[in-house]
Amino acid sequence: MFAACAVFGAAHAQPQPTDAPSPEMDMASDQSGSHTDELIPSPGAEATLPKASAYENVIDNFPVPPSLFPVVNQRSGWLKRHGNILQLDNLNEFMGAVTAPTPGHGYRQGASNAGQYALNILTDWGRVLGWSGFTTHAVIVGRYGTTANRMFGDWLAHSQETYGGGGNVVAHLVMVYGEQRLWEDRLSVAAGRMSQLSDFASGSLFCTFMNNSFCGRPKGAADSSYYSSYPASVWALRVRARPLRRDVYVQAGVYFAEEGIYSPSMNRSGFHWSGAYHVGEIFPVELGWQPSFRRPSGEVAFPGHYKLGFAVERVARDENFLDTLGNPYADSGFSAARQNGSWSSWFLMDQRLWTSRRHPKTGLSFLGGAVFNAPHTALRDRQFYAGFTWNGFWASRPTDTIGLAFSYVHIADGVQKSEAHLMRRKGVLPYKATGIQTDAEVVELNYSFPIGRAVTLEPDIQYYHHPNGQANLRDAVMVGFRSHVEIF
């Protein structure tokens, strides 16, 4: 039930000891202060996959982080006794450039704030109506502010991942769906308004970081505007199974792609459900392995997550170089050719390398991976990333976390050639570019620590090499912080 738990918990509360009952509860959804980036890496599939008791009792086994008002979700409270968990939090992100932008393009040196409040509702219908294994999930957000990276010309990687897609309304519906779990979680079926990249190509450690290159999923995995990613959703069906081993899963789904899912003009509130903007289907498949490596003494100490996936689109998309006659569209003046089909693939992993003996659910973890997209339709045809998260290094403060990550994105050759043709003709470049886009790199370093039981603060430094993928733009250094408050 990856998707079931992807949207709950203190997403940006920092790693702390917790007994998550299942690695299905450690998947991250996109751009949210209320998706669950697993509070700490799970102890491993063999130790944590739920037995019958967990399967039958979702509410009591769901990890609820510390909050300002714990009475709302307390175990003996009215809500839990009637099969519900409600979580409300606020995530705020501030970043500013400490370097001057490239002159001559109207850019400026500045700072901005972006944030989100989110309400998550989980209902266990086994407790409400005796419908064993069936849960429903709803997420509503409100977003505010803007992102600072655009001030110096970057449109590829938001410095504040909470920016965008929220519709500029008080309440934007992110997701609402039901999930039926069968055979003690060997099989899970979910359907409703869902986000593809909350289920596929997601990861448990990404939102240790603030930059949108990492948080939620590698940005290259969201290169298509038809791939639904938090806070956008589409009608979808997803099936996940563990047919042979409990630490190995396979999942597949169909997501009915819609035009303008991130556009306030087309789906501002998130409640446009008619299907009027339906343009095709996306079929993702993912195979995952969740090993539990042990110390010589036999105790589980080194959990990992490994994922290999592929998605096929049945959506008409523009080619990035050729027109309908097979010539460069930038020269011919004709429209770009339309490809009625595209694809994306990914390999993602994270692995605990060192585990604290004093706090066995903390340690040093490595994450890395690669994304490859169809080169004729993509902006980013490939991305490689790597990073480390480290908590438990300070025995008296096991929840403090250091994060360091690097991302490399390559711009598709067709985009580069089209922009070169347009520059020779003094035409307007696509993707807000002011020069030929080739590659972009982002490095992020942060340190997060709790303040009290429900507030987390994270100072953050980000370095942009080739902002917007352009060598003609100066590198940028950004400094800021993120705060997260779990209200209830």
Side-chain donor or acceptor of [X] paired with backbone N/O of [Y] under 3.5 Å:
X: Arg380; Y: Leu156; result: yes
X: Ser195; Y: Ala232; result: yes
X: Asn120; Y: Val139; result: no
X: Ser233; Y: Val174; result: yes
X: His172; Y: Pro231; result: yes
X: Arg453; Y: Leu68; result: yes
X: Gln351; Y: Ser365; result: no

Is a side-chain donor-acceptor pair under 3.5 Å present for [Y] with [X]?
X: Thr147; Y: Ser159; value: yes
X: Tyr262; Y: Asn267; value: no
X: His158; Y: Arg150; value: yes
X: Asp350; Y: His305; value: yes
X: Tyr144; Y: Asn92; value: yes
X: Gln290; Y: Arg242; value: yes
X: Thr162; Y: Glu93; value: yes
X: Gln116; Y: Tyr163; value: no
X: Asp89; Y: Tyr117; value: no
X: Trp346; Y: Glu286; value: yes
X: Asn211; Y: Tyr464; value: yes
X: Arg81; Y: Ser76; value: no
X: Gln383; Y: Ser407; value: yes
X: Trp125; Y: Thr136; value: yes

Got [X] and [Y] here, is their nearest side-chain heavy-atom distance under 4.5 Å?
X: Ile487; Y: Phe69; value: yes
X: Ser483; Y: Thr456; value: no
X: Glu281; Y: Tyr255; value: no
X: Glu444; Y: Leu404; value: no
X: Gln196; Y: Pro284; value: yes
X: Tyr249; Y: Asp185; value: no
X: Glu441; Y: Phe406; value: yes
X: Glu258; Y: Tyr226; value: no

*With side chain to side chain contact (heavy atoms under 4.5 Å, CB included) as the test, would you mind laying out the steps for Met478 and Tyr463 before giving the verdict?*
CA-CA 6 Å; Met478 305 190 77; Tyr463 178 79; over 6 Å; no
Could you check whether [Y] and [X] have their ring centres less than 6.0 Å apart?
X: Phe209; Y: Phe214; answer: yes
X: Phe206; Y: Tyr385; answer: yes
X: Trp289; Y: Tyr306; answer: yes
X: Phe372; Y: Phe384; answer: yes

Looking only at heavy atoms, which two atoms of [X] and [Y] are closest? And how far apart?
X: Pro398; Y: Thr362; result: O-CG2, 3.7 Å
X: Val98; Y: Val479; result: CG1-CG2, 4.1 Å
X: Ser112; Y: Ala148; result: OG-N, 3.0 Å
X: Met210; Y: Gln462; result: CB-NE2, 4.0 Å
X: Ile261; Y: Ser228; result: CD1-CA, 3.8 Å
X: Ala257; Y: Ile282; result: CB-CD1, 4.2 Å

*Checking side chain to side chain donor-acceptor pair (under 3.5 Å) against Asn373, which of Ser344, Ser345, Ser224 comes through?*
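Single side chain to side chain donor-acceptor pair (under 3.5 Å) partner of Asn373 among Ser344, Ser345, Ser224: Ser344.
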*Fit a plane to each ring of Trp343 and Phe310, take the angle between them on a 0 to 90° scale, and name the class: parallel (under 30°), tilted (30 to 60°) or perpendicular (over 60°).*
parallel
*Determine, step by step, whether Phe393 and Ile402 satisfy the side chain to side chain contact (heavy atoms under 4.5 Å, CB included) criterion, reporting the C-alpha distance in whole Å, the side-chain angles of both residues, the deciding distance to 0.1 Å, and the verdict.*
CA-CA 9 Å; Phe393 56 89; Ile402 296 173; 3.9 Å; yes
Roughly how far, to the nearest 0.5 Å, is [atom2] of [Y] from [atom1] of [X]?
X: Arg295; Y: Thr355; atom1: CZ; atom2: OG1; value: 5.5 Å
X: Leu91; Y: Arg482; atom1: CG; atom2: CZ; value: 6.0 Å
X: Leu122; Y: Asn84; atom1: CG; atom2: CG; value: 7.5 Å
X: Ser67; Y: Glu486; atom1: OG; atom2: CD; value: 6.0 Å
X: Tyr227; Y: Ser342; atom1: OH; atom2: OG; value: 6.0 Å
X: Arg217; Y: Asp199; atom1: CZ; atom2: CG; value: 14.0 Å

_Other residues, nucleotides, ligands: >12 heavy atoms within 6.0 Å of Arg314 CZ_ = no
_For the CH2 atom on Trp394, are there more than 12 heavy atoms of other groups (residues, nucleotides or ligands in this structure) within a distance under 6.0 Å?_
no
*asked:* Run Ile140 and Met175 through side chain to side chain contact (heavy atoms under 4.5 Å, CB included) and show every step you take.
replied: CA-CA 7 Å; Ile140 298 172; Met175 287 183 271; over 6 Å; no
*Salt-bridged, Lys219 to Glu161, with N to O below 4.0 Å?*
no
*Apply ring-ring contact (aromatic ring centres under 6.0 Å, His included) to Tyr408 and list each qualifying residue two or more places apart in sequence or on a separate chain.*
none
_For Trp131, ring-ring contact (aromatic ring centres under 6.0 Å, His included) partners two or more places apart_ =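 So Trp131 forms a ring-ring contact (aromatic ring centres under 6.0 Å, His included) with Phe134.
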*What residue among Leu79, Val128, Leu129, Thr135 forms side-chain contact (heavy atoms from CB on, under 4.5 Å) with Thr123?*
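Single pass found, and it is Val128.
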*Please step through side chain to side chain contact (heavy atoms under 4.5 Å, CB included) for the pair Glu179 and Ser188, ending with a clear verdict.*
CA-CA 7 Å; Glu179 182 169 30; Ser188 166; 2.4 Å; yes
